[in-house]
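First comes the structure, then the notes that go with it.
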Amino acid sequence: MKPMPINSNFSRAGRILILAMEEILGHNGVISILNLAFPSYFDQDSADNNYLDFRFEHISSLQIALENTYGSRAGRGLFLRVGRACVKYGLREFGPELGITGLAFRLLPLPTRLKVGSEALARLFNNFTDQHISLEIDEKYIHWHTGHCPLCWKRQSGDPCCILAVGFLQEALYWISGGKYYLVEENKCIACGDSTCTIVIDRNPLS
């Protein structure tokens, strides 16, 4: 077995991703995708470990493997669901550090919760991954800008493809708001030639 380069900053985030993938794809499904995405790094024994460490930019290889296995539409749909599932495991792992799981946060007015919660999530990614997140927040929208994006790393695409982040933000906002759905769309992507990946969140809930 040839070990992948390990960056300790990503070990906790990596575990979250593997657990979320296992929830959506099943144990054998995760092993299959890991072997397809990284054939020179994983054998059966190493892929059978829920605590694998891998560089965060390798996430794009996981999405490509899903698209190759299930087709582009279905593969992206699965990765969207993986992104949503990451929220549950992320809260278990990082909840106290985020500061959004206590009663004081839950009692804030909804607009304040959205702002404070979005800023906390941005700090999480900036502190524990190599992503560079910046926010623009106005009365109508939250613009989530990502530089050095691992989700479309070295990809070229005709349309935005950072599906994992869209799913994660959809579920995170649902949790932050106490059960409301929000329109979350990526309108710029480095894979499409844009300077940053930008996800736009409508601050007015759909329900």
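For the numbers below, each heavy atom of this structure counts, side chains included, while hydrogens, waters and symmetry mates do not.
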The side-chain hydrogen bond (donor to acceptor under 3.5 Å, both in side chains) partners of Thr198 (sequence neighbours excluded) come to His145, Thr196
CD1 on Ile199 to CD on Glu185, rounded to 0.5 Å: 10.5 Å
Rounded to the nearest 0.5 Å, how far apart are OH of Tyr182 and CZ of Arg203? 9.0 Å
Does some side-chain heavy atom of Leu121 sit less than 4.5 Å from a side-chain heavy atom of Ile176? yes
Apply side chain to side chain contact (heavy atoms under 4.5 Å, CB included) to Leu34 and Leu62, showing your working. CA-CA 7 Å; Leu34 287 172; Leu62 296 176; 3.9 Å; yes
Would you check, one step at a time, whether the test side chain to side chain contact (heavy atoms under 4.5 Å, CB included) holds for His148 with Gln131? CA-CA 6 Å; His148 191 249; Gln131 292 187 74; over 6 Å; no
For Cys189 versus Pro160, what's the shortest heavy-atom pair and its separation? CB-CA, 3.6 Å
Between CD of Glu67 and OG of Ser157, what distance do you get to the nearest 0.5 Å? 8.0 Å
How long is the span from the CG atom in Leu66 to the OG atom in Ser32, to the nearest 0.5 Å? 9.5 Å
When hydrophobic residues are tied together by side-chain contacts of less than 4.5 Å, even through go-betweens, does Leu169 share a cluster with Ile190? no
Is the cationic atom of Arg113 (NZ for Lys, CZ for Arg) positioned less than 6.0 Å from the six-membered ring centroid of Trp175 and within 45 degrees of its normal? no
Backbone N/O of Leu173 and side chain of Ser177: donor-acceptor pair under 3.5 Å: yes
Mind checking side chain to side chain contact (heavy atoms under 4.5 Å, CB included) for Ala20 and listing every partner two or more places apart, or none if nothing turns up? Val82, Ala85, Cys86, Tyr89
Count I, L, V, M, F, W, Y as connected when their side-chain heavy atoms are under 4.5 Å apart, and connections chain through other members. Are Tyr141 and Tyr174 then in the same cluster? no
What's the spacing between Leu25 CG and Ile31 CD1 if we round to 0.5 Å? 11.5 Å
State yes or no: do Leu124 and Leu91 share one hydrophobic cluster built from I, L, V, M, F, W and Y residues joined by side-chain heavy-atom distances below 4.5 Å, directly or via other members? yes
Kindly compute the distance separating CG (Asn127) from CD1 (Ile133), expressed to the nearest 0.5 Å. 11.5 Å
Let me check something: do Ile64 and Tyr70 share a hydrophobic cluster, defined by ILVMFWY side-chain heavy atoms less than 4.5 Å apart, either directly or through other members? no
Closest non-hydrogen contact found for Val200 with Asn187 is CG2-ND2, 3.3 Å
Partner set under side chain to side chain contact (heavy atoms under 4.5 Å, CB included) for Ala65, not counting sequence neighbours: Ile33, Leu36, Ala37
With sequence neighbours left out, what residues match Arg81 under side chain to side chain contact (heavy atoms under 4.5 Å, CB included)? Ile24, Leu78
With Phe168, which residues qualify under ring-ring contact (aromatic ring centres under 6.0 Å, His included), at least two apart? Phe125
Please tell me whether Ile142 and Phe105 are part of a single hydrophobic cluster in this structure, the criterion being side-chain heavy atoms less than 4.5 Å apart. yes
Can you list the residues that meet the salt bridge (Lys or Arg N to Asp or Glu O under 4.0 Å) rule with Glu119, with sequence neighbours excluded? Lys115
Can you find a heavy atom in the side chain of Leu135 that is under 4.5 Å from one in the side chain of His143? no
Name the one of Cys197, Cys192, Cys161 that satisfies side-chain contact (heavy atoms from CB on, under 4.5 Å) with Glu186? Cys197
